Protein chains: 2
Amino acid sequence: MPERRPRKDAVRNRAAVLAAADSLFARCESPEAVTMADIAAAAGVGKGTLFRAFGDRTGLIQALYAERLEPVRNAVEAGPPPLGPAAPPLERVPALLDALLCFKLDNRHLALALEETGSGSPYQAEHYERWHSTLQAVLERIPGLTDSAFTAHALLAATRADLVEHLVGHQHMPREQLRAHLAAFTARILQPRAATGAVG
Amino acid sequence: MPERRPRKDAVRNRAAVLAAADSLFARCESPEAVTMADIAAAAGVGKGTLFRAFGDRTGLIQALYAERLEPVRNAVEAGPPPLGPAAPPLERVPALLDALLCFKLDNRHLALALEETGSGSPYQAEHYERWHSTLQAVLERIPGLTDSAFTAHALLAATRADLVEHLVGHQHMPREQLRAHLAAFTARILQPRAATGAVG
DNA sequence: AGTGAACCGGACCCACGGTCCGCATCTTAC
DNA sequence: GTAAGATGCGGACCGTGGGTCCGGTTCACT
């Protein structure tokens with residue numbers, strides 16, 4: 001049995017750290033204002049505990065993010081239509097994007113923290129890869145769409161955390177309006193293509 | 001005369017710093033690997049000089065970026081069609097996006113450095129605001145497009161530096177292919193809208 | 001040449017992510 | 001219950017990098 005069951009103080013501390021981090025990120029304006037020492041102090045543990053449990057700052061944020069994202073992920077992978085795999089592509093694509101947008105609206109601070117901390121770009125995070133491959137697979141089933149990989153990237157880019165933060169946090173765009181705009185944008189992409197060169 | 005002409009060593013040092021920074025950003029893989037001390041050393045000046053001339057890291061990168069962007073900016077604001085103001089909207093929108101994409105392709109390191117350093121999001125940078133308002137104004141003249149502000153944001157998001165870096169730098173997508181994809185995506189957005197609810 | 005202002009440079013400061021190791025605590029075996 | 005070993009704890013410590021400061025130097029103007 002190589003698997004050794006973890007000590008119970010370890011799991012308690014891990015949970016305490018996640019809770020403290022979530023609370024701090026939610027409370028503070030900018031995720032960068034929350035330091036690792038802050039989180040450790042708020043959780044009532046030492047910094048060492050925090051780094052042993054999560055590796056580094058990115059690991060901690062990813063763990064938090066993954067925890068919160070899990071219900072959405074389940075709904076996408078095995079849930080009922082329009083989010084689940086059984087939905088027809090033309091309905092599932094907007095559903096996927098709307099679900100992602102709503103998640104980012106509900107977890108602005110987390111999404112922002114993740115995209116800022118990602119040691120470079122969010123495109124190296126595995127969760128982005130999952131969203132992209134899922135979306136691309138669905139797009140591929142839509143006739144007339146040739147470059148599904150790029151289209152998936154471009155659609156996902158419209159839901160980026162800092163854009164959401166800019167529109168909702170700084171410009172106070174209402175949540176429903178943003179959802180409507182994204183839906184309209186998506187619909188434009190999905191509508192059947194007119195004959196090439198039909199400009200002017 | 002409140003205007004005092006700056007000392008010539010100051011202008012010489014300022015130019016040296018810009019040149020050194022440009023060279024270093026181009027040479028290094030990640031913009032974060034280039035420190036302010038590196039730039040100062042490469043320019044043959046002290047750190048104090050560098051910070052006095054540009055305020056902080058963001059200021060230096062913005063100055064570099066603005067310098068490089070100037071020709072494009074001129075072409076957009078006063079150049080001939082399809083980039084200039086005289087072009088019809090349906091031609092100018094793709095031209096604007098292609099110009100921006102090409103600029104980011106040619107200055108990957110700079111664009112990346114700017115978007116990473118921008119103390120949060122690139123949406124607070126004034127150059128973004130300029131691109132957005134320009135694009136939005138053109139989109140507004142296209143009949144059938146209701147939410148030109150959001151559409152402008154979403155289209156610009158498809159040209160973000162880290163996405164470009166991911167596609168070209170990491171996945172080695174050829175330049176022309178990326179341009180073609182963006183053009184196709186843009187065309188889908190610009191094509192006249194079909195009747196609402198025409199899904200499935 | 002002389003004077004004062006502007007500028008130079010690098011030593012210095014501080015905040016923060018991450019490491020280390022002596023000590024406490026949990027688990028397991030008896 | 002208790003001893004022994006493994007596991008985790010915590011906070012002092014380190015390296016790094018952005019930003020500041022001030023004595024000395026260089027420039028502009030007369």
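Chain naming here is simple, since letters A, B, ... match the order of the sequence lines and numbering starts at 1 in each. In what follows, every heavy atom counts, from backbone to side chain, and hydrogens, waters and symmetry copies are set aside. All values derive from a computational prediction rather than experimental measurement.
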Regarding [X] and [Y], does a basic nitrogen lie under 4.0 Å from an acidic carboxylate oxygen?
X	Y	result
B:Arg73	B:Glu70	no
B:Arg175	B:Asp106	yes
A:Arg160	B:Asp162	yes

Checking all strands, does B:Gly44 fall into the base, sugar-phosphate, or nothing category for heavy-atom contacts under 4.0 angstrom? sugar-phosphate
Base, sugar-phosphate, or nothing: which does B:Arg7 touch, judged by heavy atoms less than 4.0 Å apart? base
Select one nucleotide: of D:dG19, D:dG11, D:dG8, the one nearest the side-chain heavy atoms of B:Asp56. D:dG19
Report the nucleotide, chosen from D:dG18, D:dG10, D:dC27, that has the shortest atom-to-atom distance to any side-chain atom of A:Val45. D:dG10
Rounding to a whole Å, what distance do you find between [X]:[atom1] and [N]:[atom2]?
X	N	atom1	atom2	result
A:Asp38	D:dG11	CG	P	15 Å
B:Lys47	D:dC22	NZ	P	16 Å
A:Arg52	D:dG11	CZ	C1'	12 Å
A:Lys8	D:dA6	NZ	C1'	16 Å
B:Met36	C:dG9	CE	P	15 Å
A:Ile39	D:dG11	CD1	C1'	17 Å
B:Phe54	D:dT20	CZ	C1'	18 Å
A:Arg57	C:dT19	CZ	C1'	18 Å

Tell me whether the side-chain N/O atoms of B:Thr49 come closer than 4.0 Å to OP1 or OP2 in C:dC7. no
Within the structure, does a side-chain N or O atom of A:Thr35 lie under 4.0 Å from either OP1 or OP2 of C:dC16? no
Any side-chain donor-acceptor pair under 3.5 Å between B:Arg130 and B:Thr134? no
Can any side-chain N or O of A:Asp38 pair as donor or acceptor with the backbone N or O of A:Thr35 at less than 3.5 Å? yes
By nearest nucleotide on DNA chain D, pick out whichever of A:Gly46 and B:Val34 is the more 5' one. A:Gly46
Determine whether B:Leu178 and B:Val168 make a side-chain contact, defined as any pair of heavy atoms from C-beta on separated by less than 4.5 Å. yes
Which residues, if any, of residues 10-24 of chain A bring a heavy atom under 4.0 Å of DNA chain D? A:Ala10, A:Asn13
Report the residues that fulfil salt bridge (charged side-chain N to carboxylate O under 4.0 Å, His left out) with B:Arg141, sequence neighbours left out, ordered by chain and then residue number. none
